[in-house]
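Just below is one structure, and these are the notes that go with it.
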Amino acid sequence: MDPETALELVKQGVTLLLLDVPQYTLFGIDTQMFTVGPAFKGIKMIPPGPHFAYYSSSSKDGKQFSPIVGFFVDAAPSEVIVRKWNQQEESLVKVPEEEEERFCQAVKSLEFDRYLGPCNLSQYGKWKRLSSYLTKTIIKQIEPIGGEITVVCESEMDKKSPKTSIERALDAQLGTGKLSASTSVDRSKKGGCYYTAIPRVIKRKGMEGKELTSLNLDKTELLESVLMKDYGGSEDLLLGELQFAYIAFLMGQSLEAFFQWKSLVSLLLSCIEAFIKVVFYQLKYGLEKDRTESNGAGIAVSSLLDESWFSADSFLHRLCKDFFLLVQDATVVDGDLLAWTRKLKELLEKNVGWEFQQNSAVDGIYFEEDDEFAPVVEMLDESSFDGVPAA
């Protein structure tokens with residue numbers, strides 16, 4: 001990078017000034033993590049927008065580490081964020097306003113420049129995809145009082161949550177010793193994040209068992225209810241919370257965040273009606289043969305859809321190809337999702353003439369009859385789904 005470009009990025013980018021951080025402390029921002037050296041005083045050239053900073057204090061020899069503490073920020077261009085290490089609390093804290101203003105001016109005058117590590121901009125694309133729905137509003141709504149997210153605050157939060165053996169192992173892994181006992185400030189008394197409560201099941205008085213089972217197998221109605229009640233009908237707010245929880249879990253090692261992410265993902269992946277089923281019937285209607293005409297290449301083209309939809313480089317072809325590959329590569333696949341994925345793939349291959357080549361001889365969304373790892377799927381005809389008559 002030439003000096004002029006670097007200087008412009010320093011001036012326009014966000015600076016995270018971190019004072020008195022002990023050597024060997026682990027510090028991360030977004031998808032990048034560093035071991036603090038003796039001259040470290042922060043990170044420069046950070047793109048404006050939402051970010052997640054996190055750190056883990058170290059023993060003097062750098063061999064033991066305390067549980068991670070993290071916090072979200074949403075920074076404007078050229079903003080300077082100042083934190084100072086509190087030795088007693090083993091944490092980064094805000095400084096008084098007068099000091100903050102003085103440090104901000106020093107940063108903008110490049111007095112700290114040689115002590116600031118540059119943000120690895122080649123990694124920014126990955127972070128952008130992980131945080132594309134995060135906004136300042138979402139962060140303020142969910143973050144705990146004080147902004148600190150750490151598993152130490154969650155010792156009593158998830159005891160009542162049902163856990164699998166893998167989740168219990170994760171709990172033990174994130175909670176194992178290291179330096180948590182030596183931390184002088186009891187963070188467990190601090191509150192957690194303000195996540196949306198996601199119901200696990202639908203309960204209705206007077207509803208027959210069969211209907212209730214059907215509602216809980218396909219939770220589209222529950223998703224619609226949660227969207228309207230808790231997110232004001234905004235899918236973006238729900239996706240923003242999903243990203244907040246994932247980042248707080250993955251980077252911040254928060255168990256509370258893991259359970260929230262699990263709840264949201266479980267809800268979304270239980271909504272067959274809301275996603276693939278809706279798309280299937282939309283395309284099926286658009287491609288009905290009694291309303292199509294030939295495009296001269298032997299492929300039926302609907303009079304209601306533009307012909308560009310059916311080219312091999314259309315957005316729909318790319319999205320469907322990526323989706324089929326995701327289902328193929330998944331280690332666990334819901335039976336209904338697999339059934340509808342097969343139906344959608346067959347519809348597009350038959351009516352549009354698309355081919356979705358796989359990397360192996362066996363199509364990834366089909367399985368050998370004697371494959372013990374294949375999901376059990378009952379292939380029903382269309383009339384078996386929600387009373388919709390077969391065409």
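Quantities reported herein were computed from a predicted structural model and do not represent experimental measurements. Note that these values count all heavy atoms, side chains included, but never hydrogens, waters or copies made by symmetry. One-based numbering along the sequence shown.
In the hydrophobic clustering of ILVMFWY residues, with side-chain heavy atoms under 4.5 Å counting as a link, V95 and F40 come out apart. Follow the hydrophobic side-chain contacts under 4.5 Å out from V10 and you never reach V107; the two are in separate clusters. In terms of hydrophobic clustering, with Ile, Leu, Val, Met, Phe, Trp and Tyr side chains grouped at heavy-atom distances under 4.5 Å, Y24 and I68 are assigned to different clusters. Residues L267 and I142 fall within the same hydrophobic cluster, defined by Ile, Leu, Val, Met, Phe, Trp and Tyr side chains chained together at heavy-atom separations under 4.5 Å. Hydrophobic clustering of Ile, Leu, Val, Met, Phe, Trp and Tyr side chains at less than 4.5 Å, counting indirect connections, keeps V21 apart from F112.
Side chain of S266 to backbone of S263: no donor-acceptor contact under 3.5 angstrom is found. Not one N or O on the side chain of Q12 forms a donor-acceptor pair closer than 3.5 Å with the backbone of P77. One N or O on the side chain of S56 and one on the backbone of S66 form a donor-acceptor pair closer than 3.5 Å. In this structure, S225 contributes its side chain and E221 its backbone to no donor-acceptor pair below 3.5 Å. Side chain of S59 to main chain of Q64: a donor-acceptor pair is present (N/O by atom type, distance under 3.5 Å, no hydrogens or angles). Side chain of E100 to backbone of E97: no donor-acceptor contact under 3.5 angstrom is found.
Using a 4.5 Å heavy-atom threshold, the side chains of Y54 and I149 count as separate. The side-chain heavy atoms of F356 and C320, taken from C-beta on, include a pair separated by under 4.5 Å. Inter-residue side-chain proximity for T15 and V82 is flagged as unmet; no heavy-atom pair is nearer than 4.5 Å. Residues V69 and S91 form no side-chain contact, since every pair of their non-hydrogen atoms from C-beta on lies 4.5 Å or further apart. In this structure, the side chains of W127 and I247 come closer than 4.5 Å at one or more pairs of heavy atoms.
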Can I145 and Y194 be said to form a side chain to side chain contact (heavy atoms under 4.5 Å, CB included), step by step? CA-CA 9 Å; I145 296 173; Y194 294 90; 3.5 Å; yes

Would D230 and I198 count as a side chain to side chain contact (heavy atoms under 4.5 Å, CB included) here? Give the steps. CA-CA 9 Å; D230 298 299; I198 306 297; 5.8 Å; no

For a side chain to side chain contact (heavy atoms under 4.5 Å, CB included) check, start with the C-alpha distance between F258 and S254, then their side-chain angles and the critical distance, and finish with the verdict. CA-CA 6 Å; F258 167 75; S254 165; over 6 Å; no

Any chance you could lay out the side chain to side chain contact (heavy atoms under 4.5 Å, CB included) test for K11 and L7, step after step, and finish with the verdict? CA-CA 6 Å; K11 291 181 176 180; L7 181 60; 3.9 Å; yes

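Pairs of residues two or more places apart, or lying in two chains, that qualify as ring pair (Phe, Tyr, Trp, His ring centres under 6.0 Å) and include a residue from residues 80-106 are Y55-W85. Sorted by first then second residue, the side-chain hydrogen bond (donor to acceptor under 3.5 Å, both in side chains) pairs that include residues 231-244, not counting sequence neighbours, are S132-Q243, T196-Y231, T196-E241, Y231-E241, E241-Q260. Sorted by first and then second residue, the side-chain hydrogen bond (donor to acceptor under 3.5 Å, both in side chains) pairs involving residues 106-115 (not counting sequence neighbours) are K44-D113. Under the salt bridge (charged side-chain N to carboxylate O under 4.0 Å, His left out) criterion, no residue pair touches residues 52-75, with sequence neighbours excluded. Residue pairs that meet the salt bridge (charged side-chain N to carboxylate O under 4.0 Å, His left out) test with at least one member in residues 115-142, sequence neighbours left out, are K140-E143.
Here E79 contributes atom CD and L16 contributes atom CG; the two are 10.0 Å apart, rounded to the nearest 0.5 Å. Going from atom CG of L9 over to atom SG of C119 covers 10.0 Å, rounded to the nearest 0.5 Å. Put simply, CZ on F259 and OH on Y195 are 12.0 Å apart, with the number rounded to the nearest 0.5 Å. Distance check: M228 CE to L223 CG gives 11.5 Å after rounding to the nearest 0.5 Å. One finds the CG atom of L237 at 12.5 Å from the CG atom of L242 (value rounded to the nearest 0.5 Å). Here the straight-line distance linking atom CG of N351 with atom CD of E346 works out to 11.0 Å at 0.5 Å rounding.
Under the 4.0 Å criterion applied to side-chain N and carboxylate O atoms, K345 and E349 are assigned as salt-bridge partners.
Scanning for side chain to side chain contact (heavy atoms under 4.5 Å, CB included) contacts around F34 gives F27, I29, Q32, I43, with sequence neighbours left out. The side chain to side chain donor-acceptor pair (under 3.5 Å) search around N120 returns S122, not counting sequence neighbours. By the side chain to side chain contact (heavy atoms under 4.5 Å, CB included) test, T137 pairs with T135, Q141, sequence neighbours left out. For Y246, the ring pair (Phe, Tyr, Trp, His ring centres under 6.0 Å) test picks out W261, with sequence neighbours left out. With sequence neighbours left out, F71 forms a ring pair (Phe, Tyr, Trp, His ring centres under 6.0 Å) with no residue at all. T35 is linked by a side chain to side chain contact (heavy atoms under 4.5 Å, CB included) to L26, counting only residues two or more places apart in sequence or in another chain. Here Q105 pairs with E101 under the side chain to side chain donor-acceptor pair (under 3.5 Å) rule; sequence neighbours left out.
Nearest heavy atoms, V14 versus A76: CG2-O, 3.4 Å. Residues F244 and C193 approach most closely at CE2-SG, 4.0 Å, considering heavy atoms. Residues P199 and V226 approach most closely at CD-CG2, 4.0 Å, considering heavy atoms. Between Q253 and L250 the shortest heavy-atom distance is NE2-O, 3.1 Å. For I138 against G240, the heavy-atom pair with the smallest separation is CD1-CA, 3.6 Å. Of all heavy-atom pairs spanning T150 and P67, the tightest one is OG1-CB, 4.4 Å.
One side chain, E90 or S57, offers a donor N or O that lies under 3.5 Å from an acceptor on the other.
In this structure, W340 and F280 have perpendicular ring planes: the angle between them is above 60°, well past the 30° mark.
Applying the 6.0 Å contact sphere to OH of Y133 captures no more than 12 heavy atoms from other residues, nucleotides or ligands.
R83 pairs with exactly one of L17, L92, D20 by the side-chain contact (heavy atoms from CB on, under 4.5 Å) rule, that one being L92.
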